[in-house]
Amino acid sequence: MKLLAIESSCDETAAAVVEDGRKVLSNVVASQVEEHKIYGGVVPEIASRRHAEAVNAVTSQALEQAGVTLADISAIGVTYAPGLIGALLVGVNFAKGLAYSSGLPLVPVHHLRSHIAANYITHPELKPPFLCLVASGGHSHLVEVLDYTKFRVVGKTRDDAAGEALDKAARAMGLPYPGGLHLDRMAKGGNPNAFPMPHPRVTGSVYDFSFSGLKTAAVNLIHNFKQRGEELPVPDLAATFQNAVVGLLTEKTTAAAKNLGYKSIAIAGGVSANSCLRARMGEICSQNGWQLYLPELSLCGDNGAMVGAQAYYEFKSGNVAGLDLNAYATMQIED
Ligand code: KG4
Ligand code: ZN
């Protein structure tokens, strides 16, 4: 069964054709990064406009590269939540138009569910249940993936998302957007223990994260260097901050895996591309005899293939929307 999938939740306009949730026949991504770069972050209004300009061509390319037409497609999957509302609406409205004109079923896909599903593409043997750390620019969740469409959140961030904290710290260090990627590269030449960093504590769920204290500590360090008129030791700052963020993510993931009895651990979302996180989690999993699942690098950031993968399982479980489908800026992964 071949599904067409459309993604427009942030700053990538993407479309893909995916067979049976696992086999990618095409995956076209039009990135807006260069345009948002000059503003140091995503400008929602610009994102919406660029999606509207690109979505038709990106979808046509996805069908063409897969060597199919709409007649070969069984359903249309689309990201409808969470994300930038104006950006989501472009993809949702386009998908609705296509579903109406073709008579194909419309399948609504939750953005974080699709990030998790990127792992089904890279690892054909992966099946729920497993524990997944989902870390992106907007979310940091520890999720029990009970089934393909059944999730339980056991921990989440109380303030900034991991990616958001990395982006903000990178920006304070003078690194270009998207900060997380540049911080990762810069950290390779730095000392991860160059400066003391606080260890955030949260009350309530033992698996909850907090990144704003780390971010403030990094910003204060940078400020102090600037006040003294000293050159910023960017590689050391990047390595130290990244080490602290990765330390927190891996600590909570390890605790949840041990306490909840998971031996299959996955990571998903844009931050899953982080080389330090991938390496550290790899060490922890091999020490404990756990299996680690990571999406290939090209599927860590936003893309249509992951939407097509999750849409397949949503469709099989009967999740089909009417033409009154709306987009939502926020939505729990369990809903
Ligand atoms: O999932 P994603 O592409 O978009 C959202 O759904 O938010 O995640 C984007 C986030 C950004 O914060 C970006 O800086 C971060 O993923 N990111 C990274 C790396 N590549 C992207 N963070 C750390 N290391 C990377 N290599
Ligand atoms: Zn994302």
Side-chain angles (χ1 to χ4, degrees), residues 5-14 27 29-33 36-37 40-42 44 47 51 79-85 87-88 91 109-119 132-141 143 156-157 160-173 175-188 190 192 209 211 214-215 218 238-239 241-250 267-281 294-307 309-310 329-331 333:
I6 295 162
E7 148 68 34
S8 69
S9 66
C10 189
D11 60 347
E12 331 276 356
T13 318
N27 189 22
V29 182
S31 177
Q32 306 172 0
V33 163
H36 295 292
K37 209 176 219 168
V42 179
H51 286 310
T79 310
Y80 78 119
L84 299 173
I85 189 65
L88 286 166
V109 179
H110 187 285
H111 185 59
L112 297 186
R113 291 187 181 195
S114 68
H115 269 302
I116 295 171
N119 280 291
C132 189
L133 167 68
V134 190
S136 69
H139 299 85
S140 297
H141 283 10
V143 182
K156 56 180 159 203
T157 184
D160 291 350
E164 185 184 359
L166 288 163
D167 290 345
K168 285 178 180 167
R171 190 173 174 173
M173 290 172 208
L175 297 174
Y177 169 83
L181 173 66
H182 292 280
L183 195 133
D184 187 356
R185 286 182 188 153
M186 195 52 78
K188 289 194 165 58
F209 306 100
F211 296 103
L214 289 177
K215 184 190 64 190
F241 187 70
Q242 178 178 264
N243 185 45
V245 169
V246 168
L248 208 61
L249 290 172
T250 53
I267 309 187
V271 181
S272 67
N274 185 264
S275 60
C276 178
L277 176 62
R278 293 170 84 96
R280 189 83 57 83
M281 212 53 227
L294 300 165
E296 58 207 82
L297 286 179
S298 64
L299 297 178
C300 290
D302 296 342
N303 64 84
M306 67 185 195
V307 181
Q310 183 61 26
T330 58
M331 179 170 289
I333 193 170

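In listed order, ligands and their atoms are each counted from 1.
- Taking 4.5 Å as the limit, some side-chain heavy atom of H110 sits within range of a side-chain heavy atom of P82.
- Between G269 and ligand 1, no pair of N/O atoms sits closer than 3.5 Å.
- Remark: L133 CG to F209 CZ distance equals 5.5 Å, nearest 0.5 Å.
- Side-chain contact between I6 and H51 is absent, with no heavy-atom pair separated by less than 4.5 Å.
- By the 4.5 Å heavy-atom criterion applied to side chains, H111 and E7 are counted as neighbours.
- Within the 4.0 Å heavy-atom shell around ligand 1 one finds H111.
- Contact between A117 and M306 at its shortest, heavy atoms only, is CB-O, 3.8 Å.
- Side-chain atoms of V33 and P178, non-hydrogen and from C-beta on, do get closer than 4.5 Å to each other.
- Ligand-side atoms of ligand 1 in range of G137: 5 (C), 7 (O), 8 (O), 9 (C), 10 (C), 12 (O), range being under 4.0 angstrom from any heavy atom.
- Considering only heavy atoms from C-beta on, V42 comes within 4.5 Å of Y177 through its side chain.
- Looking at heavy atoms from C-beta onward, K188 lies in side-chain contact with S275 at the 4.5 angstrom threshold.
- Contacts of H115 with ligand 1, taken as heavy-atom pairs under 4.0 Å, involve the side chain alone.
- Atoms of ligand 1 lying under 4.0 Å from any heavy atom of L166, numbered from 1 in the order shown and given with element: 22 (N), 23 (C).
- Protein N/O/S atoms found under 2.8 Å from the Zn ion (ligand 2), listed by chain and residue number: H111 NE2, H115 NE2, D302 OD1.
- Scanning all protein heavy atoms for the shortest distance to atom 11 (C) of ligand 1 gives D167 OD2, 3.4 Å.
- Ligand-side atoms of ligand 1 in range of G301: 3 (O), range being under 4.0 angstrom from any heavy atom.
- The distance from ligand 1 to the heavy atoms of G163 drops below 4.0 Å at these ligand atoms: 12 (O).
- Atom CZ of R171 has 12 or fewer heavy atoms from other residues, nucleotides or ligands within 6.0 Å.
- At least one side-chain heavy atom of D184 sits less than 4.5 Å from a side-chain heavy atom of Q242.
- Proximity of G138 to ligand 1 is established by a heavy-atom distance of less than 4.0 Å.
- Those atoms of ligand 1 with a heavy atom of D184 less than 4.0 angstrom away are 24 (N), 25 (C), 26 (N).
- Remark: minimum distance from atom 20 (N) of ligand 1 to any protein heavy atom is reached at G270 O, 3.6 Å.
- Under the 3.5 Å distance criterion, the side-chain polar atoms of N119 are matched with a main-chain donor or acceptor of I267.
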